[in-house]
There are 2 protein chains.
Amino acid sequence: MNDSPRASAALGAGSPGATQSDLARELGVSRTLVSLALRDQPGVSADMRARILATAQRRGYRRNGLAADLATRRRTAVGLHLLDARNDIYSTVLRGVQEVVTDAQQRLVLAVDTAPGHPDPRAVDALVEANVGVIISTALTGSKDDAVALNARSPLVALFRHIAGVDSVYPDDAAGTRLALEHLLGLGHRRIAHLTGPAVTGYTTRRDTYVSVMTERGLTPEVIVSDGYSREVAAAAAADLMARPAALRPTAVMTHNDELAFAVREAAFAHGLAVPRDLSVVGYDNSRTAGLTGVELTTVDVDAPAMSHAAARAALRRVAFPAAPCVDQRFEPSLRLRSSTAAPV
Amino acid sequence: MNDSPRASAALGAGSPGATQSDLARELGVSRTLVSLALRDQPGVSADMRARILATAQRRGYRRNGLAADLATRRRTAVGLHLLDARNDIYSTVLRGVQEVVTDAQQRLVLAVDTAPGHPDPRAVDALVEANVGVIISTALTGSKDDAVALNARSPLVALFRHIAGVDSVYPDDAAGTRLALEHLLGLGHRRIAHLTGPAVTGYTTRRDTYVSVMTERGLTPEVIVSDGYSREVAAAAAADLMARPAALRPTAVMTHNDELAFAVREAAFAHGLAVPRDLSVVGYDNSRTAGLTGVELTTVDVDAPAMSHAAARAALRRVAFPAAPCVDQRFEPSLRLRSSTAAPV
DNA sequence: CTGAAAGCGCTTACAG
DNA sequence: CTGAAAGCGCTTACAG
């Protein structure tokens, strides 16, 4: 019952929140002194500092980080703007960002856009109202001008997208797409479709590159658009594709992300098609699920953990040095070969 | 270039942040009036209100929610304390909570405990310093006393765990475990092992029930402990189990969550065992991954989306009515039969 | 080394 | 309907 320091401290602390004023009053010193001591700033005698710290400890003092930010006129919290947390890749992002931000003892405020393709200004607004000093966004689906304008008001880190004039951490999507496509072409596929999300600005490199590569090779590109980026939403578009007669069906599908690839797989199975025998599927992201036995999705690995760490560090840097030059960090993707692809029969 | 209202608004807004004082000065009125008008409070003439709103709009005024909270001495933000965001189930929780919190126009502050089993007080402290009004925690791995003490300082909503005296939203784990076990027993399994996470207080109902049920039936329970709850960390324990000679190996494994079940599957495959022919596996959570073709994990469905919504509503209620009676919401799990279980050979 | 004053952006009584 | 004053919990010059 008494073996847990946290429990006893909490119990001893009594009701909510002693403030610096409370401590100052109890010790008969000024609030300034308390503030200085608590932050380990110079200008306090060792003796006084020790007394203040001890009292703070005993009273269970907890600093109000928000009030401190307000007084400082600094905004130190990091905002994270996610597209749809159900995608595996965003869990990875969340974890990566959280690790770095927590290490730096900073706050992480979250906003999730639930309607991808129709970016919700409320999500970003909420972050701005929460007074964050920087926003890491994986959901910059607007124009570059929009992003640059937003960046001018509230610093931005674009994750997974490159925007000149804004801190950007992103994969080389042209290279990644080529990798995937060349793999399929090398296998002998010619009817290769591309399943992508809603036609939002930004994040179009994968699609554009797909079209270019196909055209270069004298092949006909076919872009299928899903209403969203989650496997649930994409189910309809995938089902339509699989319902075609064999002659009109692609022999391979490359998707904008792994979630869409899962939708294609499920649709294929539902139509009695085997993967990769009747259909090759290659995803994009190398999410954790892609590697499970029984799934084994060939996919483009963008090293999401590394990119998330980089984005978080860029965010922290931006908060610390508002005038620092823009970060422009491009990651080279690699192809992760698994068993969802094979030569067409 | 000019078709986006957001872009033009942002561009027109100029540099960071007009405050209420700025608006008041520009209009030659008091700050009180501006504050009232902006919050749509009574006591402002329609005319004045319109002028204030228009100016706010034009200047790109953005309310500082933190300063408002400070002035009000109210804490309205919701803190979410997660165990390890990589588990599918936590993505679902995050999404569910976010939906409800966003609808209520509230802030969501996040903390993730990366070292489950060794709960990190920093994570909760960070939330408290962020001045949240309530913390939804899926990671209450301490004693009930600890939780009750914490609750006294900063309101808590226990998600996935029942703690008397604290708002709790949780599955009936005894029933869920029985469902899973009876399914395996009905299939004819007798050597059934249970894979669980680190021996932390809390979240022990599944394990305890497993032991009870096995004992009731005159069978020998065998609890295997993994160092953590993620598939990566559990790989070692799962590999040990699968490396046993067939006679000592269980014919079925029931796990504390789906992540651990995935670890068991992979270990089984790595040892040349087929699921369910050589080994039946039943998970717990019905995460999204469990339903993928090729995975098809039999698992206990706890309806995580519904529980997350309930937890978020409980949190909002607690912020609005600090003295409200405790929520105690128990969900009945159901068994989701898929193809990872079969009769032993 | 210590303290009194002013202010961050907001809201809440209290007067007029 | 409108405004002057005080305060939320903190920090930052500025004096002594």
Side-chain angles (χ1 to χ4, degrees), chain A residues 15-53 55-56 59-77 105 107 128-133 153-154, chain B residues 15-53 55-56 59-77 105 107 128-133 153-154:
Chain A
S15 35
T19 70
Q20 292 187 1
S21 295
D22 294 334
L23 302 183
R25 199 170 316 129
E26 169 168 345
L27 286 164
V29 299
S30 73
R31 287 179 290 142
T32 306
L33 216 52
V34 173
S35 172
L36 256 25
L38 253 18
R39 281 174 300 141
D40 215 39
Q41 292 286 79
V44 187
S45 67
D47 203 53
M48 192 69 247
R49 184 184 307 274
R51 283 179 57 205
I52 292 175
L53 258 32
T55 318
R59 299 281 306 260
Y61 170 76
R62 200 102 294 181
R63 148 180 217 268
N64 184 333
L66 272 33
D69 259 23
L70 186 58
T72 314
R73 300 159 97 180
R74 227 181 292 149
R75 301 165 172 232
T76 60
Q105 318 250 44
R107 264 169 282 130
V128 173
E129 289 197 11
N131 217 16
V132 299
R153 317 200 57 208
S154 175
Chain B
S15 36
T19 70
Q20 292 187 0
S21 295
D22 295 332
L23 302 184
R25 200 170 316 129
E26 169 168 346
L27 286 164
V29 299
S30 74
R31 288 179 289 142
T32 307
L33 217 51
V34 174
S35 172
L36 255 25
L38 254 18
R39 280 174 302 140
D40 214 38
Q41 293 284 82
V44 188
S45 66
D47 203 55
M48 191 71 245
R49 186 185 305 275
R51 284 180 54 206
I52 292 175
L53 258 32
T55 319
R59 299 281 306 260
Y61 170 76
R62 201 100 293 182
R63 151 179 212 269
N64 184 332
L66 272 32
D69 259 23
L70 186 59
T72 315
R73 297 160 99 178
R74 228 181 291 149
R75 302 164 172 234
T76 60
Q105 319 250 44
R107 261 169 284 132
V128 172
E129 290 197 10
N131 218 16
V132 299
R153 316 202 58 207
S154 176

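We name chains A, B, ... by the order of the sequence lines, and we start the count at 1 in each one.
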Review point. Looking only at heavy atoms, which two atoms of B:A37 and B:I52 are closest? And how far apart?
Key: CB-CD1, 3.7 Å
Practice item. Identify the two heavy atoms, one from A:V29 and one from A:L33, that lie closest to each other, and give their separation to 0.1 Å. Key: CB-CD2, 4.2 Å
Point to revise | Nearest to side-chain heavy atoms of B:T72, which nucleotide of C:dG9, D:dT11, C:dT11 | key: C:dT11
Review point. Tell me, what's DNA chain C's dot-bracket, Watson-Crick or G-U with both distances under 3.5 Å, | for other-strand, [ ] crossing?
Key: |||.||||||||.|||
Review point. For DNA chain D, what residues of residues 33-49 of chain A have any heavy atom nearer than 4.0 Å?
Key: A:S35, A:R39
Revision key, fill the gap. note: A:Q20, atom CD; D:dG9, atom P; distance rounded to Å ~ 11 Å
Review point. For B:Y61 and C:dG9, what is the distance between atoms OH and C1' respectively, to the nearest whole Å?
Key: 7 Å
Exercise for review: Would you indicate, yes or no, if C:dT11 has its OP1 or OP2 atom less than 4.0 angstrom from a side-chain nitrogen or oxygen of B:R63?
Suggested key: yes
Using the 3.5 Å cut-off, write out each protein N or O paired with an N or O of nucleotides 5-7 of chain D and the distance between them.
none

Review point. Which whole-number value in Å describes the distance from A:E129 CD to C:dT11 C1'?
Key: 15 Å
Check your understanding: Looking only at atom types and distance, does a side-chain atom of B:D69 sit under 3.5 Å from a main-chain N or O of B:L66, one as donor and one as acceptor?
Key -> no
Check your understanding: Once you round it to whole Å, what is the distance between P of D:dC1 and CD1 of B:I52?
Key -> 12 Å
Exercise for review: Check the distance between C:dC8's P and A:N64's CG and give it to me in whole angstrom.
Suggested key: 18 Å
Point to revise | 5′-ward residue of the pair B:S30/B:A67 relative to DNA chain D | key: B:S30
**Study point:** Considering all heavy atoms, the nearest A:M48-A:V44 contact
**Key:** CB-CG1, 3.8 Å
Review point. Between B:G60 and A:R153, which heavy-atom pair has the shortest distance, and what is it?
Key: O-NH2, 3.0 Å
Check your understanding: A:L53: what forms a side chain to side chain contact (heavy atoms under 4.5 Å, CB included) with it, not counting sequence neighbours?
Key -> A:L38, A:R49
Practice item. Not counting sequence neighbours, which residues clear salt bridge (charged side-chain N to carboxylate O under 4.0 Å, His left out) with B:R31? List them please. Key: none
**Study point:** Sugar-phosphate, base or nothing in reach of B:R74, heavy atoms under 4.0 Å
**Key:** sugar-phosphate
**Study point:** Counterpart residues, side-chain hydrogen bond (donor to acceptor under 3.5 Å, both in side chains), relative to A:R39 (two or more places apart)
**Key:** A:S35
Review point. Closest approach of A:L36 and A:P42, non-hydrogen atoms and distance?
Key: CG-O, 4.1 Å
Review point. Can you check whether B:E26's main-chain N or O pairs, donor with acceptor, with B:R59's side chain at less than 3.5 Å?
Key: no
Review point. Between the main-chain N or O of A:R75 and the side-chain N or O of A:N131, is there a donor-acceptor pair closer than 3.5 Å?
Key: no
Check your understanding: C:dG9 C1' sits how many Å from A:N131 CG, rounded?
Key -> 9 Å
